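The structure under discussion appears below in the form of structure tokens.
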There are 2 protein chains.
Amino acid sequence: MANIYDVAKAAEVSPATVSRVLNGGSVSSERAARVRAAAEELGFRPNRVARGLRRQRSDVLALIISDIENPFFTALARGVEDVARASNLSVVLCNADDDPEKEAEYLDVALAEHMAGVVIFPASHAETDVTALLDRGVPVVAVDRSPESATIDTVTADDENGAYAVTRHLLDEGYRRVACITGPRASSAAMVRLRGFLRAHREGEAPRRRPRVAYADFRVRGGYQAMSELLDLAEPPDAVLATNNLMAAGALAALHDRGLRPPEVGVAAFGDTFWSQLVRPALTTVRQPAYEIGQAAAELLLKRRHTPDIEPQRLVLPTRLEIRGSSRRTAATEPTPTAGPAASADAVVGAEQPAGPGQPTGQATGQVRATGRGRLTRPRRPDAMT
Amino acid sequence: MANIYDVAKAAEVSPATVSRVLNGGSVSSERAARVRAAAEELGFRPNRVARGLRRQRSDVLALIISDIENPFFTALARGVEDVARASNLSVVLCNADDDPEKEAEYLDVALAEHMAGVVIFPASHAETDVTALLDRGVPVVAVDRSPESATIDTVTADDENGAYAVTRHLLDEGYRRVACITGPRASSAAMVRLRGFLRAHREGEAPRRRPRVAYADFRVRGGYQAMSELLDLAEPPDAVLATNNLMAAGALAALHDRGLRPPEVGVAAFGDTFWSQLVRPALTTVRQPAYEIGQAAAELLLKRRHTPDIEPQRLVLPTRLEIRGSSRRTAATEPTPTAGPAASADAVVGAEQPAGPGQPTGQATGQVRATGRGRLTRPRRPDAMT
DNA sequence: TCGCCACGTCATAGATGTTGGCCATCGGGT
DNA sequence: ACCCGATGGCCAACATCTATGACGTGGCGA
């Protein structure tokens, strides 16, 4: 492969001139043309390794996430990538698997490769140590959780209010024993969401039972087990909030396996993904602005790359409550089943209502049912919170 | 940050000796100990960029995929990563978004960074050009599709037989007008799956209607549109095979929006993911061994890295038919609606059947199905093909 | 008109951190 | 006494970019 000397020779200039042409120095246009022609001719590509060595930094930034199978991260990755590409940076994804050791390895790699920056979803609040990077001047932005080791730029979703809003929604629907399946205690996100959940219970006029809380691992299997255990209680919950989408999937599976399903049991979850719309009845979710978080993180990174000494920022992005699926409110709080669109909306499929001889008097009951044909748009209430 | 000279000075040896200690040359144990102590003391990490420059190759391999939001790729990535890590290679993920230009950029990066190898899911059969890499001796393994530009190691799933088997399954269930939503004509995987689908039609004793085929883009939206168009036909299909999971999701959404759902309309798909089990009734799927494909690809890469001159291999991994959800056969082939669990079972949620008093006479019909309560394991027929 | 200064353009000479080749040394075995 | 293997130091190469300074030209003042 041609190197810069070959090009210089072909264009009859010095290697430095070739470099200037390619990196924007001042070169007479005639020479520049010669250089460009020669580079094209020889198929010259600057060696990024050599450039990295000389410049002591590369044009690659690392995105270290804890679970590549979680759609939240894939959306996040897109956000990061789109912003990075606009600044001519490549993004590489590193899957740390929630394992602090693996994560430390990748942090090492990022350091040793002189990466342009790191966006990290810290595996652990306590163990994740990014000081080595910071000492070397490599900008680091934390996402969703923030590591203990240093104060750095952080982008999070407004999880507490999201959890609060969705919990209130469940309580308002008439559920009495709302449980929460949350993540490990080490995860600050899990704790923050739990806090919102508990706050909703304290504030409501709902009975003051101490709500059940199960701690799982943010994985499908963990959600399944937690839900199963909750259901085995003497007084099982009648609704559950899962603090991420994978555990929600597990919880749903557990419910299905026992023949229970919404709205008999209410289910809500953090993390909006396309499949949560396909489950019937669809899940009510707290949509996390994953893509936007990624964007914001990348932008913070770029800003800090340019001006390293600004004060670390802490960005909080709003979540959004997406209400889908059936409500239990009618049954629970209203004497007569006026039902109504607000209550059933999307719940067409799974409702337990006896399909008695009562006929499809759709309009009469006010039920907004898919009537068989047509309709692209899904009824969707304007968000309860922005 | 300390470099190798600092360590050498501290240990009172030459830099070369430090290098030998760290990379396994012959060094007396006493000096080696001194070096290690000094390295530890100074927090020395070899500069991977400089090493890469000197050795003309790095310990990073690139995995270029076409859509990070597709769970197939995330599973694949895990397979690649697990194998790579065992050989002390790091894996970076590059999301080419099915855009040949973006892909070419990443290929350039892989080349310019002297990556140890590339596992690629080619965006296009024709446009993807990996010859530059090959010329430089960088091993490249293709996954699922194989590029035209060169004969290289390839790992694919046995898509044709998978498509054949699932199509036969639909026909055997009694569906009469089975359509296929497949990917772009440029995708060899899309074409191969289509071929299996068509073969099943030719062989069956089923009526010889020319089956409908819709070409979409392997995305959710494309699946939605394709399904909608199929349903708008004068003679809409009564079953559909989507050749990937995202389009299946789109197709399901389109069906839901018209109030149709399995088994009224049969739906089967390529690509097994956890959410396909949560949809009720669950999808019958052709499971693609994504993780195993990733593993195999990485292993081929490592093998070729070691011995570059072996003949390019073409590995075909078996798919597996996972039958879930309701069968229409009973309704279609039996005169009286025995209904009961046979017909509903997994279809509990969406079925249109009057929830008549018909009771669980599960064994009577001989169907192996979930009986309503409990049971973690999902009924799963031994695969129709290995 | 000549000389000096300023500025634009370019070449040359490191510098970056590591490793592999080459050679020298030393010790033990034959 | 000779040879061989183990050990370890020195030098150069990897490909690029930056710093330094040289060179030429043009403008302006004397």
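Below, each value reflects all heavy atoms present in this structure, side chains not excepted, and no hydrogens, waters or symmetry copies. What you are looking at is a predicted structure, and each value in this text was computed from that prediction instead of being measured. Reminder, nothing fancy here: chain letters follow the sequence lines and each chain counts from 1.
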Starting the side chain at C-beta, find the nucleotide from [options] nearest to [X].
{"X": "B:R20", "options": "C:dG20, D:dG9, D:dT16", "result": "D:dG9"}
{"X": "B:R55", "options": "C:dT19, C:dT16, D:dC14", "result": "C:dT19"}
{"X": "A:A16", "options": "C:dA11, D:dA15, C:dG17", "result": "C:dA11"}
{"X": "A:R51", "options": "C:dT18, D:dC17, D:dA15", "result": "D:dC17"}

Worksheet item: Which one of B:V60, B:L302, B:L301 satisfies the side chain to side chain contact (heavy atoms under 4.5 Å, CB included) criterion with B:L89?
Response: B:L302
Fill in: A:R304 with A:D153: basic N within carboxylate O range, under 4.0 Å
yes
Would you tell me whether [X] and [Y] have side-chain atoms, one donor and one acceptor, within less than 3.5 Å of each other?
{"X": "A:Y291", "Y": "A:D82", "result": "yes"}
{"X": "A:T131", "Y": "A:D135", "result": "no"}
{"X": "A:E103", "Y": "A:T128", "result": "yes"}

Is it the case that [N] (base atoms only) and [X] (side chain only) share a donor and an acceptor within less than 3.5 Å, ignoring hydrogens and angles?
{"X": "B:Y5", "N": "C:dT16", "value": "no"}
{"X": "B:R54", "N": "C:dT19", "value": "yes"}
{"X": "B:R48", "N": "C:dG17", "value": "no"}

Worksheet item: Whole Å only: how far is the CG atom of B:D59 from the P atom of C:dT18?
Response: 14 Å
Base, sugar-phosphate, or nothing for [X], non-hydrogen atoms under 4.0 angstrom?
{"X": "B:P46", "value": "sugar-phosphate"}
{"X": "B:R57", "value": "nothing"}
{"X": "A:V49", "value": "nothing"}

Worksheet item: Taking for each residue the nucleotide of DNA chain D bearing the nearest heavy atom, is the 5' side occupied by B:H114 or by B:P15?
Response: B:P15
[N] OP1/OP2 closer than 4.0 Å to side-chain N/O of [X]:
{"X": "B:N23", "N": "C:dT19", "value": "yes"}
{"X": "A:S14", "N": "C:dC10", "value": "no"}
{"X": "B:Q56", "N": "D:dA15", "value": "yes"}
{"X": "B:N3", "N": "C:dT16", "value": "no"}
{"X": "B:T17", "N": "D:dG9", "value": "yes"}

Discussion item. Applying salt bridge (Lys or Arg N to Asp or Glu O under 4.0 Å) to B:E12 and B:R31, what does each step give before you reach the verdict?
Written reply: CA-CA 9 Å; B:E12 297 177 310; B:R31 274 165 194 259; over 6 Å; no
Restricting to nitrogen or oxygen on both sides, can you table the protein-nucleotides 6-9 of chain C pairs closer than 3.5 Å?
none

Worksheet item: Taking five pairs at each end of the helix from C:dT1-D:dA30 to C:dT30-D:dA1, what angle separates the two helix axes (nearest 10°)?
Response: 50°
Worksheet item: Is the CD atom of A:E41 crowded by more than 12 outside heavy atoms at less than 6.0 Å?
Response: no
Item to complete: Count the heavy atoms belonging to other residues, nucleotides or ligands that lie under 6.0 Å from CZ of A:R85, then report whether that count exceeds 12.
Response: yes
Fill in: Sub-4.5 Å side-chain heavy-atom contact between A:R136 and A:H114
yes
Worksheet item: Looking only at heavy atoms, what is the nearest atom pair of A:G52 and B:V49, with distance?
Response: C-CG1, 3.8 Å
